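Letters A, B, ... mirror the listed sequences (proteins, then strands); counts begin at 1. Side chains are part of it too, since the values below use all heavy atoms of this structure and drop only hydrogens, waters and symmetry mates. All values reported here derive from a predicted model rather than from experimental measurement.
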Amino acid sequence: METPKIFEPGKIEEKWYAHWMEKGYFHSVPDNREPYTIVIPPPNITGVLHMGHMLNSTIQDVLIRRARMLGKNACWVPGTDHASIATEAKIVQKLKAEGIQKSDLTRDEFLSHAFQWKDKHGGIILEQLKKLGASCDWERTHFTMDKEYSESVVNVFIDLFNKGKIYRGVRMVNWDPEALTAVSDEEVIYKEVNSRLFYVRYKIDGSDDEWITIATTRPETILGDTAICVNPLDKRFTHLHGKSVIVPIVNRIVPILTDDYVDMEFGTGCLKITPAHDINDYEIGRKFNLASIDLFNENGTLNNNGLHYEGVDRFEVRKLIEKELHETGFLVKTEDHINKVGFSERTNAIIEPKLSMQWFVEMKDLAKPALENVMNNNIQFYPEKFKNTYRHWMENVKDWCISRQLWWGHRIPAWYYGEGVNDFVVALTADKAASLAHEKTGVVYKAEALKQDEDVLDTWFSSWLWPISVFNGLTQPNNPEINYYFPTNDLVTGPDIMFFWVARMVIAGYEYKGDLPFKNVYYTGIVRDKLGRKMSKSLGNSPDPIALIDQYGADGVRIGVLISSPAGNDLPFDTSQCEQGRNFTNKLWNVYRLVSAWEVVDFEQPQSANLAINWFESKFNKALSEINDAFDKFRISDALMLTYKLIWDDFCSWYLEIVKPGYEQPIDKLSKERTISFFEKLLILVHPFAPFISEELWHLIGNDKKGNDIIVASWPIAGKVDDATLLSFNQCEAVVSNIRNIRKQQNIANKVKLSLFVKSQVNEQLNFHAVIVKLGNLSTMEYINEDMKGAFSFLLGGKEFFIPFGEEIDIVAEKNKILAELEYIKGFLKSVQGKLSNEKFVSGAQSSVVESEKKKEQDALAKIKILSEKLAGFE
RNA sequence: GGGAGUUUAGCUCAGCUGGUUCAGAGCAUCUGCCUUACAAGCAGAGGGUCGGGGGUUCGAACCCCUCAACUCCCA
């Protein structure tokens, strides 16, 4: 059967993935090998695979596959995150489409809908990862709301509460009026928006016609003003200190305060204070003990403090109140203005700062070991620059609002026995709570009489336990698995969740295991499109990864996303990169086509082949050390590029071209064996990047019989490197290139055989004589002592090479070429001599540097001599 | 407003402690080849005042100052 010219990935991917699964290669159990563990950043169960996952997962798979080949017990734990806000929103939406309102359902009914949805759609993204070749230990798949996992989360809450690190209180929080929940500071995204600055005048209380003008971007909050404030140093307002103003529309009399928080340059230098709806105003309000007048309902409409605007949406009120202020003469003017507005990360609704009763984690003490151990590199960040960002956040860490007014998530284990603020206890079960309440109050409560907190916990309050809880490290402390796999080795994630997740996992690691959760954190960049835009659903600029895999093959896509994505750098993605990846797999395929077609006959190995084998042995070993080094430094793209060049340039373009016999000629046994053995090793190196084709070819070249698979083949050990061989091969390459160059310039067809003459002081053959003859397509290659006239020539390593002119030769062009070269060398000599004649250089520079300059001078002089003689030869 | 980072070929990036023919790689481009594994290929070539300016040094892509542009984080 004819082997197709083009590699067809679709045919083999499923086959090998099923084979690997069947053999259980992905599954890990603790043994006496060294563990190598990665926990996947669990994607949202609502998610479908996007390019960010592709990048992230490919990197993890590369690391895992290489570790497996290095003989480690590789364990990549997959799973999904319940993603409370995103998922709840999705389910609410879905129910709405079916004509069901969330408010019509009980909590239990809603949750049953949610779990049904999860069971049906929750695993899509994991199935997609399989197409990519991800070698996750699927038997270990976890979900952040699994029974045992949930137990860990709730217990951690109880534990932190008992340690006094969790408290409940009324604070200014970020309110998402669409999701109807509080969110953490990290879930607010500030964006610049075009808005307007409204100048509104307030009448000074007790005056006839004296006014003060404030500037605000939020005129609708005027109804909640309880003061206005100026800078104490602002001379414009000194005469008003201690007076009061009348707030328009509500006609409330509020004081004029002074505080240096107020920026004299901004607006009018006079600020209205609405403590209920702005974090800074809130602080000022606390300082001056001002009343907070809450204006908004949970959904962003105005409440009964909004007077005639009650029930109207906050942005609608902004328009209406502008009109009213204008008509009543309070609005002085408006200006266009750019300001930063907070948006909800999940719903994109504009966040409303709102006072509310929530649960918080006190972060300050918890953060200490987490900061320390990153700063001292116990946990290493790649790239290191992210340490700065991390430190900045940790040093200014704020308390973490962890309660969410949602149903989908881990319900807060607080039980209320009364109406008072402190009438609650925290416990795992109602029974336990009842007895605690009894202890606390002396009153006997029935478990059924207690009311559990309605709120659930922030998703990240469960994700931060991920590296511990996927091994049940909290529910079964010191079980063999947690002891074996934890701390995990590497974490691969995006810098965008450094605070949400990475920092908090580090905190949890130290708090609950007294140890780091992972040793290295590799931050990937953001995948962007050709135009540099972030890939997103709304822009529609994100290619469908599965479609890409269908088009280019999983291996091609993996190479495509890795080929230019150094750690921490954004990846400007273009499908042409997948094309490059696919072309590379095709190249590998054709190596197989070539080598497999060689017919072996027993004859003596040609010298050129022998030389090539010796050279490639060294070349391979050298490249292998470089590749290992790149991996050790998490320079994955470099490792790939080194592998790519080793295969394409060194192996295919040089080695195979030397070894390969002429058309329909047989090959000797030894050369074929050695070639296949090199190819095997190269396939191993390429396997982490291109698992499917490497497995396929591994079997096609005969490893079927041995019954082993490349996925568990041993990573090669770098052997001896003979530098002298590498050096002389470089020379050989240069000679061949020069010959080809002359062919090209003179339009001499490749088929035409040439003669090459080498003039050399020492009368010995070049090391790679036979190789040059073969690749240069030479009829003869001879050594001479005299210059040759009537020939093209080039200089290399102190030797002069001549190719006699054939017929139609352009003498003038040849002469000009030599002249140009001479010119260049003379310039070079001048700069070298300039250095050497500079006394400061000779005395100041290291002697080795001076020596090398002297050597350069000698070489240049010799070259000039040769070129001048050559030129004379044309006369 | 505060902080961090980036700027090297058309694009994406390497370039270590300032010193070797150090200005590099891949892709893209151009030229010639359907040569017998691969045209998804082969061979060859061109292309950069290292963001601008100043300084330190015998010597600067690299160190210092300054200006500019961009990116990210925080408020």
Side-chain angles (χ1 to χ4, degrees), chain A residues 3-7 185-186 188 190 263 265-266 279-280 340 342 383 385-393 395-396 398 495-496 498-499 525-526 528 530 532 552 556 563-566 568-574 576-577 579-598 630 633 635 637-638 640-642 644-645 648-649 652-653 656-657 660-665 736-745 747-751 775 777 824-825 828 831-832 834-846 848-853 855-856 859-860:
Chain A
T3 315
K5 273 188 174 185
I6 303 290
F7 170 57
D185 293 344
E186 287 68 38
V188 180
Y190 290 89
D263 178 1
E265 305 296 317
F266 184 80
I279 182 68
N280 297 306
K340 293 240 178 149
K385 66 175 178 183
F386 286 116
K387 275 169 75 177
N388 280 326
T389 319
Y390 181 87
R391 186 186 59 211
H392 191 256
W393 188 79
E395 282 175 351
N396 300 290
K398 301 262 174 25
D496 49 331
M498 188 192 298
F499 309 133
I526 294 165
R528 295 179 180 279
K530 238 177 164 175
Y552 298 104
I563 199 113
S564 68
S565 60
N569 272 38
D570 285 356
L571 167 65
F573 182 79
D574 188 64
S576 70
Q577 288 159 234
E579 218 173 297
Q580 192 185 348
R582 177 203 59 182
N583 293 355
F584 182 57
T585 58
N586 195 48
K587 189 75 183 172
L588 287 166
W589 178 252
N590 276 287
V591 172
Y592 163 69
R593 280 188 71 216
L594 174 69
V595 174
S596 64
W598 286 344
K633 291 176 176 150
R635 300 178 68 137
S637 287
D638 285 359
L640 171 57
M641 187 49 75
L642 287 163
Y644 178 96
K645 286 203 278 191
W648 201 308
D649 298 345
C652 293
S653 296
L656 286 178
E657 289 301 325
K660 104 178 170 192
Y663 182 52
E664 292 190 334
Q665 300 285 305
V736 172
S737 285
N738 269 287
I739 296 169
R740 287 170 175 167
N741 198 352
I742 286 171
R743 278 183 191 276
K744 168 93 177 166
Q745 281 174 355
N747 260 320
I748 304 171
N750 292 331
K751 290 175 209 156
L775 294 185
N777 194 20
Y824 173 80
I825 300 279
F828 178 68
S831 91
V832 171
K835 274 192 207 172
L836 285 171
S837 62
N838 181 340
E839 254 180 63
K840 283 185 181 169
F841 172 74
V842 178
S843 57
Q846 292 165 26
S848 64
V849 175
V850 178
E851 280 313 306
S852 95
E853 290 300 314
K855 170 122 196 323
K856 282 193 226 167
D859 290 351

Colleague: Sticking with atom P, work out how far B:rC62 lies from B:rA23, rounded to a whole angstrom.
Modeller: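 Their P atoms lie roughly 15 Å apart.
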Colleague: Kindly say if A:Asn388 contacts the phosphate of B:rC73, meaning a side-chain N or O under 4.0 Å from OP1 or OP2.
Modeller: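 No, because none of the side-chain N or O atoms of A:Asn388 sits under 4.0 Å from OP1 or OP2 of B:rC73.
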Colleague: Name the closest nucleotide to the A:Trp393 side chain, picking from B:rA45, B:rC74, B:rG5.
Modeller: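 From the listed options, B:rC74 comes nearest.
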Colleague: Nearest to the side chain of A:Arg635 - B:rG26, B:rG15, B:rG41?
Modeller: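 When the side chain of A:Arg635 is considered, B:rG15 is the closest of B:rG26, B:rG15, B:rG41.
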Colleague: If the C1' atom of B:rU6 is compared with that of B:rA45, how far apart are they to the nearest Å?
Modeller: 33 Å
Colleague: Decide yes or no for A:Met498 and A:Trp393: does some side-chain heavy atom of the first lie under 4.5 Å from some side-chain heavy atom of the second?
Modeller: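 Contact flag for A:Met498/A:Trp393 side chains = no.
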Colleague: Touch check for A:Lys340, heavy atoms < 4.0 angstrom, all strands: base, sugar-phosphate only, or nothing?
Modeller: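 Base contact.
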Colleague: Return the minimal non-hydrogen interatomic distance between A:Leu656 and A:Val595, and the atom names on each side.
Modeller: CD2-CG2, 4.3 Å
Colleague: Base, sugar-phosphate alone, or nothing: which one does A:Tyr592 contact when heavy atoms must sit under 4.0 Å apart?
Modeller: nothing
Colleague: Within the structure shown, what part of the strands sits under 4.0 Å from A:Glu657 by heavy-atom distance: base, sugar-phosphate, or nothing?
Modeller: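 Base, at least one base heavy atom under 4.0 Å.
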Colleague: For A:Glu579 and B:rA28, give me the distance from atom CD to atom P, rounded to whole Å.
Modeller: 8 Å
Colleague: Tell me the partner of B:rU29, counting only Watson-Crick (N1-N3 plus N6-O4 or O6-N4) or G-U wobble (N1-O2 and O6-N3) with both under 3.5 Å; none if nothing fits.
Modeller: B:rA45
Colleague: In terms of the nearest nucleotide of RNA chain B, which residue is placed more toward the 5' end: A:Ile6 or A:Asn396?
Modeller: A:Ile6
Colleague: What is the minimum heavy-atom distance between A:Pro4 and A:Trp589, and which atoms define it?
Modeller: O-NE1, 2.7 Å
Colleague: State whether A:Tyr663 places a side-chain N or O below 4.0 Å from either non-bridging phosphate oxygen (OP1 or OP2) of B:rA37.
Modeller: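 Checking B:rA37 against A:Tyr663, no side-chain N or O comes under 4.0 Å of OP1 or OP2.
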Colleague: Look at the side chain of A:Asn586 and decide which nucleotide, out of B:rA40, B:rC42, B:rG26, has an atom nearest to it.
Modeller: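 Taking heavy atoms from C-beta onward, the closest nucleotide is B:rA40.
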Colleague: At less than 4.0 Å, is any side-chain N or O atom of A:Asn583 found next to OP1 or OP2 of B:rC38? Yes or no.
Modeller: no
Colleague: B:rG51 and B:rA14: how far apart are their P atoms, nearest whole angstrom?
Modeller: 14 Å
Colleague: Tell me: CZ of A:Arg743 to C1' of B:rC33, nearest whole Å?
Modeller: 13 Å
Colleague: Please state the C1' separation for the pair B:rA75 and B:rC64 - nearest whole angstrom.
Modeller: 31 Å
Colleague: Which atom names give the shortest non-hydrogen contact between A:Asp638 and A:Ala630, and what distance separates them?
Modeller: CB-CB, 4.1 Å
Colleague: Where do A:Leu775 and A:Glu657 come nearest, in terms of heavy atoms and distance?
Modeller: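 Reported closest heavy-atom pair: CD2-O, 3.7 Å.
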Colleague: Mind checking the C1' distance from B:rG15 to B:rA61? Whole angstroms is fine.
Modeller: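 Per the computed distance, 8 Å lies between those C1' atoms.
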Colleague: Taking the minimum atom-to-atom distance to the side chain of A:Arg740, which one of B:rA43, B:rA37, B:rC74 wins?
Modeller: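 My answer, after comparing the listed nucleotides, is B:rA43.
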Colleague: Classify the nucleic acid contact of A:Tyr644 as base, sugar-phosphate or nothing, counting any heavy atom under 4.0 Å across all strands shown.
Modeller: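 Since only primed, P, OP1 and OP2 atoms lie under 4.0 Å of A:Tyr644, the category is sugar-phosphate.
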Colleague: Using whole Å, report how far NZ of A:Lys645 lies from C1' of B:rC27.
Modeller: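 Computing the A:Lys645:NZ to B:rC27:C1' distance gives 12 Å.
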Colleague: Under 4.0 Å, counting only non-hydrogen atoms across every strand here, what does A:Trp648 touch: a base, just sugar-phosphate, or nothing?
Modeller: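 Sugar-phosphate, no base atom in range.
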Colleague: Can you find a heavy atom in the side chain of A:Phe7 that is under 4.5 Å from one in the side chain of A:Arg582?
Modeller: no
Colleague: Would you say B:rG44 has OP1 or OP2 under 4.0 Å from some side-chain N or O of A:Ser737?
Modeller: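 Yes, such a contact exists.
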Colleague: How many Å lie between CD on A:Gln577 and P on B:rA28, as a whole number?
Modeller: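 Going from CD in A:Gln577 over to P in B:rA28 covers 11 Å.
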Colleague: May I ask you to evaluate whether A:Lys660 reaches the phosphate of B:rA37, defined as a side-chain N or O under 4.0 Å from OP1 or OP2?
Modeller: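 Yes.
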Colleague: What's the closest nucleotide to the A:Lys744 side chain, out of B:rA37, B:rA25, B:rU31?
Modeller: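 The answer is B:rU31, which lies nearest to the side chain.
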Colleague: For B:rU7, what is the paired nucleotide under Watson-Crick or G-U wobble rules, both distances under 3.5 Å?
Modeller: B:rA68
Colleague: Please measure how far the P atom in B:rA9 lies from the corresponding atom in B:rG48, and state the result in whole Å.
Modeller: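 The answer is 10 Å between these two P atoms.
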Colleague: For B:rU66 versus B:rG5, give the span between their P atoms, rounded off to a whole number of Å.
Modeller: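 Taking atom P in both B:rU66 and B:rG5, they lie 15 Å apart.
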Colleague: Would you mind reading off the distance between A:Asn777 atom CG and B:rU35 atom P, rounded to a whole angstrom?
Modeller: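 Rounding to the nearest Å, CG of A:Asn777 and P of B:rU35 are 15 Å apart.
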Colleague: Tell me: NZ of A:Lys751 to P of B:rU35, nearest whole Å?
Modeller: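 In whole Å, B:rU35 P and A:Lys751 NZ are 7 Å from each other.
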Colleague: Heavy-atom nearest nucleotide on RNA chain B for A:Thr585 versus A:Ser576: which residue maps closer to 5'?
Modeller: A:Ser576
Colleague: Looking at every heavy atom in both A:Phe499 and A:Tyr390, which two are closest together, and how far apart are they?
Modeller: CE2-CA, 4.2 Å
Colleague: Tell which nucleotide pairs with B:rU36, taking only Watson-Crick or G-U wobble pairs whose two distances are both under 3.5 angstrom.
Modeller: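 WC or wobble partner does not exist here.
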Colleague: Whole angstrom is fine here: how far is it from NE2 in A:His392 over to P in B:rG5?
Modeller: 12 Å
Colleague: Once you apply the 3.5 Å cut-off to both distances, tell me the Watson-Crick or G-U wobble partner of B:rG18, or none.
Modeller: none
Colleague: Output the single nucleotide from B:rC38, B:rA75, B:rG44 whose closest atom is nearest the side chain of A:Asn590.
Modeller: B:rC38
Colleague: What are the two closest heavy atoms between A:Thr585 and A:Gly556, and how far apart are they?
Modeller: CG2-N, 4.2 Å
Colleague: Would one find a side-chain N or O of A:Lys5 under 4.0 angstrom from OP1 or OP2 of B:rC38?
Modeller: yes
Colleague: Specify the separation, in whole Å, of atom CD1 of A:Ile748 and atom C1' of B:rG44.
Modeller: 13 Å
Colleague: Can you tell me how far C1' in B:rG53 sits from the matching atom in B:rC30, rounded to whole Å?
Modeller: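 36 Å, rounded to whole Å.
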Colleague: With sugar-phosphate meaning primed atoms plus P, OP1 and OP2, does A:Ser653 contact a base, only sugar-phosphate, or nothing at under 4.0 Å between heavy atoms?
Modeller: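 Contact class for A:Ser653: sugar-phosphate only.
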Colleague: Determine: side-chain N/O of A:Lys387 to OP1/OP2 of B:rC73, distance under 4.0 Å, yes or no.
Modeller: no
